[in-house]
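Letters go in sequence order (proteins before strands), and every chain restarts at 1. Here the structure is a predicted model, which means the values were calculated and not measured.
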Number of protein chains: 2
Amino acid sequence: MNDDTSHASLTLETLLPTDAPDGPRKPGRPKGNQSAQTRERILNAAEQLFADRGYDGASIRDVAAEAGLQVHSIGYHFGPKESLFDAVVARRAEIMTRLRRDALEDARAKAGAQAIAVEVLVHAYVEPFIKSASHGDPGWRNYAALMGRLANSPLGTEIIARHYDVTARDYIAELNRSLPGADALDVVEGFSAMVAAMLGICSATGRPERLSGRATPRDPERSFETLVRFHTAGFLALATTQ
Amino acid sequence: MNDDTSHASLTLETLLPTDAPDGPRKPGRPKGNQSAQTRERILNAAEQLFADRGYDGASIRDVAAEAGLQVHSIGYHFGPKESLFDAVVARRAEIMTRLRRDALEDARAKAGAQAIAVEVLVHAYVEPFIKSASHGDPGWRNYAALMGRLANSPLGTEIIARHYDVTARDYIAELNRSLPGADALDVVEGFSAMVAAMLGICSATGRPERLSGRATPRDPERSFETLVRFHTAGFLALATTQ
DNA sequence: TTATTATTTGTACGTTTGTATAAATAATGT
DNA sequence: ACATTATTTATACAAACGTACAAATAATAA
């Protein structure tokens, strides 16, 4: 599809910043360090296809076609399929983790010697993800959908653990400090519920719209605020009751 | 792998009740209505493999081997792959839906003219699923894991909608009655969060154990109680705050 | 200039995929 | 007894899969 690259007419391709601004690739060693750019293009294509069709549903050939490259270029840059998959997850995981760590340090600095408010912790963990997923960038939107798909699958949990568990434990420890009356096991349970809800919101399955009967997609900003309110109350209930 | 079927030694196969107690099938028309039994066996095998490897990760050949049948027998009984998948989901969806409807009617009868307590509604919706998934039956355990995998995927949401949305709407309507101060959109959001948490608990990914540092798997009964407490408080916060 | 290195292309291999066809077999209906 | 029906086996097929090899090409290094 879309093989009319011969005439440079005013198509979407020329108006929007695409992932392949250079046109069809020519063989030969590229100038300077163009490899990084090609890798990004492959990662973007893979990200979208893995999000749409899942790990097994998206083939290396699909990725190559979407990136405008030959099949072998994928393997050349990323090795076997599973390595490509891990690279897709890893790329934005690093960014997301940094945002969350910064938000946590910020909250710690503001709280001083006192415990951080639960609402602040929930906000700090969830906000970077939901904001990234709903701020227009299709890359982040695809990534969020992919994370949702991964959440309850064996391969997915293994990769998520590798990239996200350290920071998750930091937040859980801080939640325990803020909820001295709550059992630690229950706090982990609440944290898991929070993550599940966050991923559900960003997966854009259309189910909430269907269940509420509205045709228009819901406002992610509003979903975010509701999530914070809802889960903050949930956490507090773990400390007070029982 | 495991191709030493020549000698009938004391292996797990001979000790455990497998899905194929009748031994290898022989061609020819079976006595009476044995077809239903074969279909169940195929559904059990497909359920397990779809849960473990996902829709694209599990092949029809895998299912046939697991059920102890030839490849074509799967197509003979269920048609194309997607029909088999739908049949897997549908089988227990009917049971689950009945349990939930019964629980809802029960709660309505007990509440009389009053609104049903939010906690009762949360309990009624979640209990059949978590109890089925954790009551020892590997079929239900596989089914629950499969549902978790489906939750945030396009194919999955479509199938889930077809089988579960009607009852979900009933519960949401009742939740709105019990939360007169809450916005209907927020209630749907809370309901989605509740379902996501429920599926996460039953998917048995091992992440909560990893995050809490314990090696032993958590008690599902306890997770269930925590879920109800947590989400009931969340719903109530939607009505009181803002 | 010449040799080397990085990257893309084109092609190929063996396996696995979903699905289909044809024959064989045994219970059932008449 | 005989034709019919339901089901399993065996085999086949075209397509798609992940991966690999060899050649071509262009930038860089010597």
Does a nitrogen or oxygen in the side chain of B/Gln70 sit under 4.0 Å from OP1 or OP2 of D/dT8? no
side-chain hydrogen bond (donor to acceptor under 3.5 Å, both in side chains): pairs with one or both residues in residues 143-153 of chain B, sequence neighbours excluded: B/Tyr143-B/Tyr164
Would you tabulate the nitrogen or oxygen pairs shorter than 3.5 Å linking the protein to nucleotides 14-18 of chain C?
{"from": "C/dT17", "atom 1": "OP1", "to": "B/Ser59", "atom 2": "OG", "distance (Å)": "3.3"}
{"from": "C/dG18", "atom 1": "OP1", "to": "B/Lys81", "atom 2": "NZ", "distance (Å)": "2.6"}
{"from": "C/dG18", "atom 1": "OP2", "to": "B/Ile60", "atom 2": "N", "distance (Å)": "3.0"}
{"from": "C/dG18", "atom 1": "N7", "to": "B/Arg61", "atom 2": "NH1", "distance (Å)": "2.7"}
{"from": "C/dG18", "atom 1": "O6", "to": "B/Arg61", "atom 2": "NH2", "distance (Å)": "2.9"}

Send over the distance from B/Arg39 CZ to D/dA6 P, rounded to a whole Å. 14 Å
Counting just side-chain N and O atoms, does A/Ser35 come under 4.0 Å of either OP1 or OP2 of C/dT7? yes
A/Arg222 meets the side-chain contact (heavy atoms from CB on, under 4.5 Å) criterion, sequence neighbours left out, with A/Asp219, A/Thr226, B/Asp183, B/Leu185, B/Asp186
Report yes if at least one side-chain N or O of B/Thr38 is closer than 4.0 Å to OP1 or OP2 of D/dA6; otherwise report no. no
Using the salt bridge (Lys or Arg N to Asp or Glu O under 4.0 Å) criterion, which residues pair with A/Glu105? Sequence neighbours excluded. none
Ignoring the backbone of B/Tyr76, work out which of C/dG10, C/dA6, D/dA6 is nearest its side chain. D/dA6
Could you give the CZ-to-C1' distance, from A/Arg41 to C/dT8, as a whole number of Å? 11 Å
Salt bridge (charged side-chain N to carboxylate O under 4.0 Å, His left out), that's the test. Do B/Arg162 and B/Glu158 meet it? Break it down for me. CA-CA 6 Å; B/Arg162 195 141 30 79; B/Glu158 187 258 328; 3.0 Å; yes
Length of the CZ-P vector between A/Phe78 and D/dT19, whole Å: 14 Å
For residues 200-214 of chain A, which residue pairs qualify under salt bridge (Lys or Arg N to Asp or Glu O under 4.0 Å), counting only residues two or more places apart or in two chains? A/Arg207-B/Asp165, A/Glu209-A/Arg218, A/Arg210-B/Asp165
Base, sugar-phosphate or nothing for B/His72? Non-hydrogen atoms, less than 4.0 Å. base
Sequence-distant partners of B/Arg53, salt bridge (Lys or Arg N to Asp or Glu O under 4.0 Å), two or more places apart: B/Asp62
Rounded to whole Å, please give me the gap between CG in B/Leu69 and P in D/dA6. 18 Å
